[in-house]
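In what follows, a single structure is set out as structure tokens and then discussed.
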Amino acid sequence: MSKVLFYLLDVGHAFAEGSMEIRLWGVDSEGKTVLVRDRSFSPWFYLICRSKSEAEKALNLINSSKTRFHKIRSTELVTKKLFGREVTALKIACQDHESAAEYSESLQKLPQVSGIAENDVRPTEQYLLQRGLLPCTWIEAETEFAKEERLVAGGSFRLTGDIRPSGDRARPALKIMSFAVLYSASGRNRLILVSARTSEGVSVQFEAEEDEGSIISGFVDFVHDNDPDMVVGYQSNSVDWPLLMRRARDLRLRLDVDRAGGEPHPSIHGHISIAGRANVDLFEIARDQAEPKVKTLENVVEHLGIARHALRVEDCEIDQAWKDPEKRKRLRDYAAQKAELILKLSEAFLDYAIQMSSLTGLPLDQVPAATAGFKVDAYLIREAYKLGELIPQRVERPYYPYRGGLVLAPKPGLHENIAVLDFTSMYPNLMLLYNVSPDTLLQAGDREADAYEIPGLGYRFRKSPEGMYTIVLNNLLTARSAIKAKIDSLRRDSAEKRVLEAQEQAVKTIANAVYGYAGWIGARWYVREVAESTAALGRNTIETTLNEARNLQLELTYGDTDSIFVENDAKKVEKLEATIRERLKMEIKMDKVYARVLFTEAKKRYAGLLEDGSVELVGLEAVRGDWSEIAKKVQEKVVEIVLREKSPKKALEYVRNIVDSIHRKDVEYSQFVIWKTLAKPLEAYEVRAPHVEAARELIRDGWRLTLGDKIGYVITSTPGKLYQKAKPYIKATVKDIDAEYYAANQVIPAAFRILEILGVSEDQLPKPTAQRRDRSVVEFMEHKP
DNA sequence: GCGGCGCTACTACCT
DNA sequence: ACAGGTAGTAGCGCCGCG
């Protein structure tokens, strides 16, 4: 017998010699690959019964049909909780997940059975729950050496005894491989070039000489030679892997890049799974971040300061460049750069992904692919298991909307010295304060003297014991404070500090998402009343705060959900904070002070000048991804002139100059591009829209588009509706640009939004001239058949 | 045939 | 597919207009 200590990277299950086997893949302290196989696991499900006697009846029935249910390993009558209520249930554990699925299907039809639970929790997830293990943590296992396998450098072991967390979390040195695929993007989608790079500094490229086969076989060999623990790409789950898999299939080649002699395969959350290696698509992490708006690899690394002036090649140039021997070198450099940037980006994202993995229990490769809702789901599953709560089935249900946060109409105009006060973690703290949780909600008929009643809604939540959300949020908020304190105690930037910051970010993400999760119909613990009550408590909180501010004669300019904007009167603000603390048991704190702030008539749109001289724009065109750069730049500049110099005149002058340069087309082409997300399949659109028409044109040219792709288009001088004027930006030049559109529908509205607040009238801004109108009429006539 | 009007679709933002 | 609240542009159908 030998003890194996390893860092868990991937979990899988398989059938071996007729029985189900859980496979734990990891690395040991020397960085060698380890595989631990466990054949002792029995996946389970629960049958919920109406009463104990009914449960006994069902149990007898099942136990007397041993032949029919011969793959049941054990049955047990248990008392559990479901949504905080005691239930009697039968725990049925089976030989493997297939028999579990089959039996759960038939047994839930028994008349004694009123419900079912945990049948839709994946076997690997059940395994980790039962053994108390988390991915991206160290585990010790009592095993015996099974065999030396070609694909498992550190050896393959069979679990013979205990398996448990070792308590250590320090990340070992992981072997990482990045890769990027270049392909002929339009039409046939043939492989042109694959570039790969390892964290040990090995770099390689595979090119199509005669055929693509050499690329695939070369790549597969490279993966095995370097044996990475983690494979990183950019859009690799949506583009690179599917393309490699498709071409390998077409060419009848095996893409056996995993550690078990198998091929990549689609898994949950739409990601590609590679047994024994963590396959991570860094685009999926970038996707969750607000900036940059257009998330190309080059934009993302530049935004993060990882690289500057990254080499850029448009997808549509690749074919041509490859055919031209002169340009081939540039293409090779571009592919090599991609692999390098992806590797660097993985360093920037890895700490966060690891922390999220060990917090939620999701394997590392699933973390980036899982949406926020599923991350919370995974986290709650772990906490519920520890609390002895059954994990409810995910069920389809109807959607009922409810009222959300309160938004005040701003006082339009320019204001000086305005303080922004906001509640720290308002929703989580309200849920804590009122024990708002799926398992504390009382039903209409419940008699419970000691309960919180939600004003205006009448829902009641019992005061004790603490609900699941209460416990969880308490843990998360307490952990976050502790992590923050630790970060503050570390003065200099260090690896330890960065890990803590990543951990804090992960904890914060989950804590902030719990409220939204509660109101999400896809949630296992969906209870609309929980979300609805929290939002109602939030409205009351902000209402009370507003009233107290009025009592103190503290002038209000704006407020949204958990924040209020007031005159910066230190004494009154302090009084307000104290009153709120006392009356509501909530913390409202001054977040920042605007030396000057400008509100439009609209909610959720304003611009402020901070005391350090920096300018912030909120909600305005300039911070939106779907306006042209030129319009955004002009609006930002106007805001700066207005806030810093209070000179609408100067701003006006600036706008006039820019509009002139637009008409002269003395503006860089990229400034005209408008980006919009393709949010649904083309055929699902009910109206014609510019970005949809541009997307259709790209498809006609043979491009593959994915849901969620950003479509870049420009408005050309083609006559007609806007959607007829739109052209994919790669297919037009500055000559095609409709200057009048950009002046009249982009730059001027964005600038006027700010200037009108300062009393500038519309006719002080440039307007379409007769001459310009005439020219478009001429063009229109010329285009007539 | 066309402009004005009101409604809807669509996207992306704020907290 | 974490929530609701909100702004803004453009498309589209309808109406009136001798």
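Each chain gets a letter, A, B and so on, in the order its sequence line appears, and its residues count up from 1. Below, all heavy atoms of this structure are taken into account, side chains as well, without hydrogens, waters or symmetry copies.
Between C/dG4 and A/Tyr427, no contact under 4.0 Å exists linking OP1 or OP2 to a side-chain N or O. Between A/Tyr685 and B/dT11, a side-chain N or O to OP1/OP2 separation shorter than 4.0 Å is present. Residue A/Lys680 places at least one side-chain N or O under 4.0 Å from the OP1 or OP2 atom of B/dC10. Neither OP1 nor OP2 of C/dA3 sits under 4.0 Å from any side-chain N or O of A/Thr534. Between A/His691 and the phosphate of B/dT11, there is a side-chain N or O to OP1/OP2 separation shorter than 4.0 Å. The shortest distance between the side-chain N/O atoms of A/Thr561 and the OP1/OP2 oxygens of C/dG4 is not below 4.0 Å.
Dense packing is recorded around CD of A/Gln289, with more than 12 heavy atoms of other residues, nucleotides or ligands lying under 6.0 Å away.
When heavy atoms are screened at a 4.0 angstrom cut-off, A/Lys725 is found touching no nucleic acid atom at all. Counting non-hydrogen atoms under 4.0 angstrom, A/Gly516 reaches a base of the nucleic acid. Looking at heavy-atom distances under 4.0 Å, A/Val692 makes no contact with the nucleic acid at all. Nucleic acid contact for A/Gly405: sugar-phosphate only, since backbone atoms but no base atoms lie under 4.0 Å from a heavy atom of the residue.
The side-chain tip of A/Lys725 does not point at the ring of A/Tyr741 from less than 6.0 angstrom away and within 45° of straight on.
By the side-chain hydrogen bond (donor to acceptor under 3.5 Å, both in side chains) test, A/Arg528 pairs with A/Tyr459, A/Glu532, sequence neighbours left out.
Scanning both residues, A/Val376 and A/Ala513, for their nearest heavy atoms gives CG2-CB, 3.6 Å.
Whole-Å rounding puts the A/Arg397 CZ to C/dA3 P distance at 12 Å. The distance between atom CG of A/Asn512 and atom P of C/dG4, rounded to the nearest whole Å, is 17 Å.
A distance below 6.0 Å separates the ring centres of A/Trp520 and A/Phe374.
Checking side-chain atoms of A/Thr509 against main-chain N and O of A/Gln505 turns up a donor-acceptor pair under 3.5 Å.
Between A/Asp281 and A/His271, the side chains place no donor N or O within less than 3.5 Å of an acceptor N or O (distance only, hydrogens not considered).
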What N/O pairs connect the protein and nucleotides 7-10 of chain C at under 3.5 Å? Give each pair on its own line.
unit_1: C/dA7; atom_1: O3'; unit_2: A/Arg605; atom_2: NE; d: 3.4
unit_1: C/dG8; atom_1: OP1; unit_2: A/Arg605; atom_2: NH1; d: 3.4
unit_1: C/dG8; atom_1: O3'; unit_2: A/Arg753; atom_2: NH2; d: 3.4
unit_1: C/dT9; atom_1: OP1; unit_2: A/Arg753; atom_2: NH2; d: 3.4
unit_1: C/dA10; atom_1: OP1; unit_2: A/Tyr741; atom_2: OH; d: 3.0
unit_1: C/dA10; atom_1: OP2; unit_2: A/Asn745; atom_2: ND2; d: 3.4

